[in-house]
J.: 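There's a structure below that I have some questions on.
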2 protein chains.
Amino acid sequence: MELKPIAERFVLHWGEMGSRWGVNRTVAQIHALLYLAGRPLDAEEITETLGVARSNVSTSLKELQAWNLARVVHLRGDRRDHFETSTDIWELFKLIVAGRRQREIDPTAVALRECLENPAIDDEDDGTRQRIEETLKFIEIMCTLSDEMLRIRPETLMKTLGVSAKISKTFRKKG
Amino acid sequence: MELKPIAERFVLHWGEMGSRWGVNRTVAQIHALLYLAGRPLDAEEITETLGVARSNVSTSLKELQAWNLARVVHLRGDRRDHFETSTDIWELFKLIVAGRRQREIDPTAVALRECLENPAIDDEDDGTRQRIEETLKFIEIMCTLSDEMLRIRPETLMKTLGVSAKISKTFRKKG
DNA sequence: CGTGAATTTCTGTTTTTACTGAAACAACTG
DNA sequence: CAGTTGTTTCAGTAAAAACAGAAATTCACG
């Protein structure tokens, strides 16, 4: 598949940002490609379009599947696996938040709880203990909040956020 | 400075998670150390406590300052620079969100706008254009929302979030 | 089962990033 | 302003991550 100029730019940019977001370039590029394509692509097609090794595509697709950001579909009369992603940006956002939370936040919450449950905590400075407690409390609140957000349907969420933004904007003007 | 066991665990864990959060280990460790210490530390003290090179500490402190996560303070009768961070976890959160947004989101918003303003966009598939538009719209809403959050005082934010979580929990029970 | 297409796994290479130690630089002190 | 302390820069090294290509495996289909 030959990418048109704008699509190519989008895919390449997404790939670059991927590094900053903690996913490797190829993974991010493939996801961008699937998103823009809006139809299932097979691995060979992805390989040619992006100009990377076939094995790299395979590995990256595995990673996307682990994030629930890509799924396998089969087209009748074609033995090959094809891959697609949601074209709903809100849906994608929810999946990414869920993934990041699981990988980046949950382990920390566990570690902090272990710190606080450890009897040795009594030997630490009061300030230390207090700050660890506050950090854990903070993380737990954030987790609850993200749970709430992930539960809501995208459209609802969008409206809520849009409205709340408008409201606070109004407040600012008046205040 | 000798770290007590729990504090050491916290610092090391923070360092490990740092990698997943897109900051390098040393930077994350230093920040954790400053946070737990709750008082200004000089570079030498940090070097000894963490067991890394002095130059590494210098570079990392520069990076923390670029994030507004550390600032220099001077103690009377001491020529050395000392460094401290906020011990207010909400304040830290705001700074981190602001930094990430600036580095990870804003460039993408710019790139997407450029894509859509480019006349060549007319040669692209309708689906492609539409999805790029939706993505940009999404990013803009999220930016507005984060602006709102960053403006609110931490305590207010915390209460709002806490309450909203409780409300939706209640709704779920009844629904 | 045997064949060939499709896919994954594995090994080694390349690229990138983090880090160290030494040297240069800057700021203060007597 | 010479000596001392403190800080940053820089060049080289080490560690980690991404990637390519080949080999191995899986699987549909006869």
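Throughout, a chain's letter reflects where its sequence line sits, starting with A, and its residues are numbered from 1. This one's a predicted model, so the numbers in the text were calculated from it and none came from an experiment.
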J.: Does Ser58(A) make a side-chain N or O approach to OP1 or OP2 of dT7(C) shorter than 4.0 Å?
T.: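 Result: no.
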J.: Does any non-hydrogen side-chain atom of Cys143(B) lie less than 4.5 Å from one of Asp106(B)?
T.: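 Of all side-chain heavy-atom pairs linking Cys143(B) with Asp106(B), at least one is under 4.5 Å.
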J.: Nearest whole angstrom, please: distance from the P of dG12(D) to the CG of Asn56(B).
T.: 19 Å
J.: Counting only side-chain nitrogens and oxygens, does Arg80(B) get under 4.0 Å of the OP1 or OP2 atom of dG6(D)?
T.: yes
J.: With sugar-phosphate meaning primed atoms plus P, OP1 and OP2, does Asp42(B) contact a base, only sugar-phosphate, or nothing at under 4.0 Å between heavy atoms?
T.: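 Nothing, no heavy atom under 4.0 Å.
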J.: Whole Å only: how far is the CD atom of Glu63(B) from the P atom of dT8(D)?
T.: 14 Å
J.: So which atom in Thr108(A) and which in Trp21(B) form the shortest heavy-atom distance, rounded to 0.1 Å?
T.: OG1-CZ2, 3.8 Å
J.: With respect to the side chain of Lys62(A), which nucleotide from dT9(D), dA6(C), dT9(C) is positioned closest?
T.: dT9(C)
J.: Figure out the CG/C1' separation between Asp78(B) and dT7(D), and round it to whole Å.
T.: 14 Å
J.: Rounded to whole Å, how long is the line connecting atom NE2 of His74(A) with atom C1' of dA28(D)?
T.: 10 Å
J.: Among dT7(D), dA5(C), dT4(D), which is the nearest nucleotide to the side chain of Arg79(A)?
T.: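 Nearest to the side chain of Arg79(A) among the choices is dA5(C).
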J.: State whether Lys4(B) and Asp125(A) are salt-bridged, where the test is any N-O pair (Lys NZ or Arg NE/NH1/NH2 against Asp/Glu carboxylate O) under 4.0 Å.
T.: yes
J.: Expected output is a numbered-order residue list: members of residues 24-35 of chain B with a heavy atom under 4.0 Å from any atom of DNA chain C. What is it?
T.: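 Heavy-atom contacts with DNA chain C come from Asn24(B), Arg25(B), Thr26(B).
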J.: Expressed as a whole number of angstroms, how long is the span from Leu64(B):CG to dT8(D):P?
T.: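 Value for this atom pair: 13 Å.
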J.: Quick check: is Val110(A) connected to Trp14(B) through a chain of hydrophobic side chains (ILVMFWY, heavy atoms under 4.5 Å apart)?
T.: no
J.: Would you tell me whether Thr135(B) and Tyr35(A) have side-chain atoms, one donor and one acceptor, within less than 3.5 Å of each other?
T.: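 Present: a donor and an acceptor within the cut-off.
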J.: Within a radius of less than 6.0 Å around CZ of Arg25(B), do more than 12 heavy atoms belonging to other residues, nucleotides or ligands occur?
T.: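 For Arg25(B), atom CZ is not crowded (no more than 12 foreign heavy atoms under 6.0 Å).
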J.: In whole Å, what is the span from the CG atom of Leu61(A) to the C1' atom of dA6(C)?
T.: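 Atom CG in Leu61(A) sits about 13 Å away from atom C1' in dA6(C).
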J.: Over how many whole Å does the gap from Ile46(B) atom CD1 to dG6(D) atom C1' extend?
T.: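 From Ile46(B) CD1 to dG6(D) C1': 14 Å.
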J.: How many Å lie between CD on Glu44(A) and P on dG21(D), as a whole number?
T.: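 Result: 13 Å.
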J.: Is there a donor-acceptor pair under 3.5 Å between the side chain of Arg20(A) and the backbone N or O of Arg103(B)?
T.: yes
J.: Is the shortest side-chain N/O distance from Arg54(A) to OP1 or OP2 of dT7(C) below 4.0 Å?
T.: yes
